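In this text the structure is predicted, and so the values were computed from the model without any measurement. Below, chain A is the first sequence line, B the second, and so on; all start at residue 1.
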2 protein chains.
Amino acid sequence: MEDDRDIAQRLGEGLAEAGFSVEYAFNGPDGLALGTDDSFDAAVLDLGLPQMQGLDVLKEWRRKNRNFPVLILTARGTWSEKVDGLNAGADDYITKPFHLPEVAARLKALIRRSAGQASSVLTHGRLTLDITTGKATYDGAPIELTASELRMLNYFMHRIGRIVSQSELTEHLYATVDSRESNTIEVYVSRLRRKTSTDLIKTIRGLGYRMD
Amino acid sequence: MEDDRDIAQRLGEGLAEAGFSVEYAFNGPDGLALGTDDSFDAAVLDLGLPQMQGLDVLKEWRRKNRNFPVLILTARGTWSEKVDGLNAGADDYITKPFHLPEVAARLKALIRRSAGQASSVLTHGRLTLDITTGKATYDGAPIELTASELRMLNYFMHRIGRIVSQSELTEHLYATVDSRESNTIEVYVSRLRRKTSTDLIKTIRGLGYRMD
DNA sequence: GGCGGCCATCAGGATATTGCTGGTGGAGGA
DNA sequence: TCCTCCACCAGCAATATCCTGATGGCCGCC
């Protein structure tokens, strides 16, 4: 997003070369619209967009809980803008004239960091699981999961198509190795099935379970 | 405040020339002591102070409601530190090697701004929080919050929708890692709920809390 | 030095989760 | 087809977890 299309062009091409997928907006309202998609990994924001203050765009994003990282571009010497930008919810800033590799590097760092924090949602079929918010949905409807169920479901969703043995599950969920004395695992599988669908987790008799 | 006395010397002299009145601390505890005076316009904090993490000093200041602006000095390339710093309550950061005029300029900007009471107010649903004035409203009605409650609420409001574990809260609020000896966190959550609404903060048993 | 408010902690009670049991159903082998 | 054994599930008691009123101590302010 840039006020000067040439700069934007150059920046966009550079970032594309660095492996990013880029979209542009040349004014505030367009930027707002783009941001509402919430499908971005990060945004580069030039302060001083026409028609709307760049900071206002940022504030509006944050107000709408768009939490992708934002890198601010500012002209050299406008300190207050930078500080205001950080306070408005920006994650980093960089001064013009900028070096492309630096922008790319910072963007990568921001994205890497936000990946550690941002809600990373796993999707499989009609099932959805966000481990950071603890929310899961099946067919779009939210389902309530307890902590243990959540852990187990998470484990399964990271092992789609693989057979997961009972002992493996016990080990992962409890860090203890009970041999066959209780059927706790079976019970939890049962609960997961009840809350989602009977055929979500298939049982492989004598070997374990598999989700696919 | 500097880990390298030469750098500190140079920085201090430069700032003095620029019209600032400067005091030093060369380690964490001294820095803490200095900060408790609350008679400063601003502080320059070097991450990586001996004996105590620079960020802990900052957190401790903020815990005591010392709200002077803080400018962080960090080595080049440690992005996570910077971002963590901003999250911990710093107002700006600058990378080494730094140019004296730049530091001075940023400091001035920070001080000017802090004098001007730029109020950044967070809004979420019927809840409103102005971190600079410490005022909060619920349904438009003002609610009285103590310093700790305020910091906790602030933390929650920056993590809407995310599960926040008790240990995470303890760590952020106190900079120490108490394992389960007291139920302080529970008590504060309870108080926040009483002052706002019972269902403002949802408890996820075994995992933590979530505000959404 | 006295006072007020904030803070941390305790203890008792409330609640959801956990792990188990026992009875039932069904798969797979002989 | 029948039999055996494994898996399933509803319900239950035990328990970890959480909530909240009360209390004493500390700190800062007057």
Taking only Lys NZ, Arg NE, NH1 and NH2, and the carboxylate oxygens of Asp or Glu, determine whether B:Lys195 and B:Glu144 approach each other closer than 4.0 Å.
-> no
Please state how far atom CD1 in A:Ile185 lies from atom P in C:dG19, giving the value in whole angstrom units.
-> 9 Å
B:Thr146 side chain near C:dC6 phosphate (N/O to OP1/OP2, under 4.0 Å) | no
Quick one: B:Met152 CE to C:dA8 C1', roughly how many Å, whole number?
-> 13 Å
Within this structure, what is the NZ-to-P distance between B:Lys202 and C:dA16, rounded to whole angstrom?
-> 12 Å
Taking for each residue the nucleotide of DNA chain C bearing the nearest heavy atom, is the 5' side occupied by B:Glu149 or by A:Glu149?
-> B:Glu149
Please tabulate, one pair per line, each protein N/O and nucleotide N/O from nucleotides 20-22 of chain D that are separated by under 3.5 Å, including the distance.
from	atom 1	to	atom 2	distance (Å)
D:dT20	OP2	B:Ser190	OG	3.1
D:dT20	O4	B:Asn183	ND2	2.7

Criterion side chain to side chain contact (heavy atoms under 4.5 Å, CB included) on A:Val164 and A:Arg210, from CA distance to verdict | CA-CA 6 Å; A:Val164 179; A:Arg210 188 180 60 202; over 6 Å; no
Rounded distance (Å) that lies between atom P of C:dT18 and atom CG of A:Leu192 = 11 Å
Would you tell me if any nitrogen or oxygen in the side chain of A:Tyr174 comes within less than 4.0 Å of OP1 or OP2 on C:dT18?
-> no
Any side-chain heavy atom of B:Val189 within less than 4.5 Å of one from B:Tyr209?
-> yes
Charged N to carboxylate O under 4.0 angstrom, A:Lys135 versus A:Asp130?
-> no
side-chain N/O B:Gln166 vs D:dC18 OP1/OP2, d < 4.0 Å = yes
At under 4.0 Å, does any side-chain N or O of B:Ser182 touch on OP1 or OP2 of C:dA8?
-> no
Do A:Thr184 and A:Thr170 come within less than 4.5 Å of each other through their side chains, counting heavy atoms only?
-> no
Taking only heavy atoms on the protein side, list every residue of residues 204-212 of chain A lying under 4.0 Å from any atom of DNA chain D, sorted numerically.
-> A:Arg205, A:Gly206, A:Tyr209
Do we get B:Arg159 above B:Phe156's six-membered ring, with its NZ or CZ under 6.0 Å from the centre and within 45° of the axis?
-> no
Kindly compute the distance separating CG (A:Leu173) from CD (A:Glu149), expressed to the nearest 0.5 Å.
-> 11.0 Å
Interatomic distance, B:Leu150 CG vs C:dC7 P [rounded to whole Å] = 10 Å
In terms of side-chain heavy atoms, does B:Ser148 have a donor or acceptor partner in B:Thr146 at a distance below 3.5 Å?
-> no
Between atom CD1 of B:Ile163 and atom OG1 of A:Thr133, what is the distance when rounded to the nearest 0.5 Å?
-> 6.5 Å
To the nearest angstrom, the CD-C1' distance between A:Glu144 and C:dT15 comes to 15 Å
